[in-house]
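These notes are about the structure you will find just below.
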Amino acid sequence: MKKLSRDFYNRDTITVAQELLGKYLVHKVDGEELAGKIVEVEAYKGPLDKAAHSYNNRRTSRNEVMYGEAGYAYVFIIYGMYDCMNVVTTEKERPEAVLIRALEPVKGIDKMAANRFGKELTELNKREYKNLTNGPGKLGKAMKITRALNGEDLLGDRLYITEGHVEKLEIVTSKRIGIDYAEEAIDFPWRFYIKDNKFVSKI
DNA sequence: CTACGGATTTTCT
DNA sequence: GAAAATCCGTAGT
């Protein structure tokens, strides 16, 4: 399927976040594709967003990628253990991004089972299957997306996002998750997910 | 199914 | 030195 263009990413962050739902995130590992449908995202709008790493234009070696061109991956470690992937949006020097919060496994699911639990796909119980990719840290582990991919060009051939299938999506809007420190930004309605999808992290 | 507390280490102050 | 865009196991409903 067709890769999303630079122009897709180089737009308003909320729009990109909403339109990423239903698209396919692909990571090629050892010549094999791992892929998942994007079912949950959150927008982080830089300077005016206390929940964002780039709040008040804070610029560090960690978040430098957010200041670059749209269509690159921003991968960071959270709580010392988990890799989270974002898609950089808008033009240069405008540090905004979309966090990929959950995927529905599509391709290479057996590899995801191995990456997540060190088990065969058939050995997973119901809870483990559901937990393959239903959270930002979980999908990072399942898809083998690590800090090494920070700054990766999403128009390249290793990590990219493609058009989805034609389907009608019902999108739910809500507050973001895990940002209790962010004061007024706690209530910003910048989380979007596909209604009734089983791999959404939290209703 | 939900709720709670602990784990663990990078990052910034 | 403290906080952090989270996850997991266990216990309970």
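Residue numbers start from 1 in every chain, and the chains themselves are labelled A, B, ... in the order their sequence lines are given, proteins ahead of strands.
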Could you tell me the separation between the [atom1] atom of [X] and the [atom2] atom of [N], rounded to a whole number of Å?
X: His53(A); N: dT11(B); atom1: NE2; atom2: P; result: 11 Å
X: Arg176(A); N: dT6(C); atom1: CZ; atom2: P; result: 11 Å
X: Ile186(A); N: dA4(C); atom1: CD1; atom2: P; result: 11 Å
X: Arg59(A); N: dT11(B); atom1: CZ; atom2: P; result: 17 Å
X: Glu64(A); N: dT11(B); atom1: CD; atom2: P; result: 14 Å
X: Tyr82(A); N: dT9(B); atom1: OH; atom2: P; result: 11 Å
X: Met81(A); N: dT6(C); atom1: CE; atom2: P; result: 11 Å
X: Asn131(A); N: dT2(B); atom1: CG; atom2: C1'; result: 14 Å

Of the nucleotides [options], which one has an atom closest to the side chain of [X]?
X: Ile78(A); options: dC8(C), dC12(B), dA4(C); result: dA4(C)
X: Ser61(A); options: dA5(C), dC8(C), dC12(B); result: dC12(B)
X: Tyr44(A); options: dA5(C), dT10(B), dC12(B); result: dA5(C)
X: Thr60(A); options: dC8(C), dT10(B), dC12(B); result: dC12(B)

- request: Name the residue closer to the 5' end of DNA chain B, choosing between Arg147(A) and Arg127(A) according to the nucleotide with the nearest heavy atom.
  value: Arg127(A)
query: Ile14(A) versus Lys45(A): any side-chain heavy-atom pair under 4.5 Å?
result: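 Yes - at least one pair of side-chain heavy atoms lies under 4.5 Å apart.
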Pair pattern of DNA chain B in dot-bracket, where unpaired bases get dots and | marks partners in another strand, Watson-Crick or G-U under 3.5 angstrom: |||||||.||||.
field: Touch class at under 4.0 angstrom, heavy-atom based, for Leu99(A) against every strand present
entry: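 It contacts base atoms.
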task: Looking at every strand, decide which applies to Arg191(A) at a 4.0 Å heavy-atom threshold: base, sugar-phosphate, or nothing.
output: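 No contact.
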Please answer whether the main-chain N or O of [Y] pairs with a side-chain N or O of [X] as donor and acceptor at a distance below 3.5 Å.
X: Asn10(A); Y: Glu91(A); value: yes
X: Asn197(A); Y: Val39(A); value: no
X: Asn86(A); Y: Tyr74(A); value: yes
X: Asn150(A); Y: Val75(A); value: yes

message: Could you check whether Asn115(A) and Lys111(A), counting side-chain N and O atoms only, form a donor-acceptor pair closer than 3.5 Å?
response: no
message: Let's go through Lys198(A) and Glu104(A) carefully: what are the C-alpha distance in whole Å and the side-chain angles of both, what is the deciding distance for salt bridge (Lys or Arg N to Asp or Glu O under 4.0 Å) to 0.1 Å, and is it a yes or a no?
response: CA-CA 8 Å; Lys198(A) 294 185 186 69; Glu104(A) 176 180 327; over 6 Å; no
- prompt: Does the side-chain ring of Tyr79(A) lie flat on the base of dT6(C), meaning centres under 5.5 Å and planes less than 30 degrees apart?
  reply: yes
query: If each of Ala52(A) and Phe117(A) is mapped to the nucleotide of DNA chain C with the nearest heavy atom, which maps nearer the 5' terminus, i.e. the 5' end?
result: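 On the 5' side of the pair lies Ala52(A).
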task: Cation-pi check, Arg6(A) to Tyr9(A): give yes when NZ or CZ is under 6.0 Å from the six-membered ring centre and within 45° of the ring axis, no otherwise.
output: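 Judged by the rule, Arg6(A) and Tyr9(A) form no cation-pi pair.
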query: Hey, does the side chain of Arg116(A) come within less than 4.0 Å of dC8(C)'s phosphate (OP1/OP2), counting only N and O?
result: yes
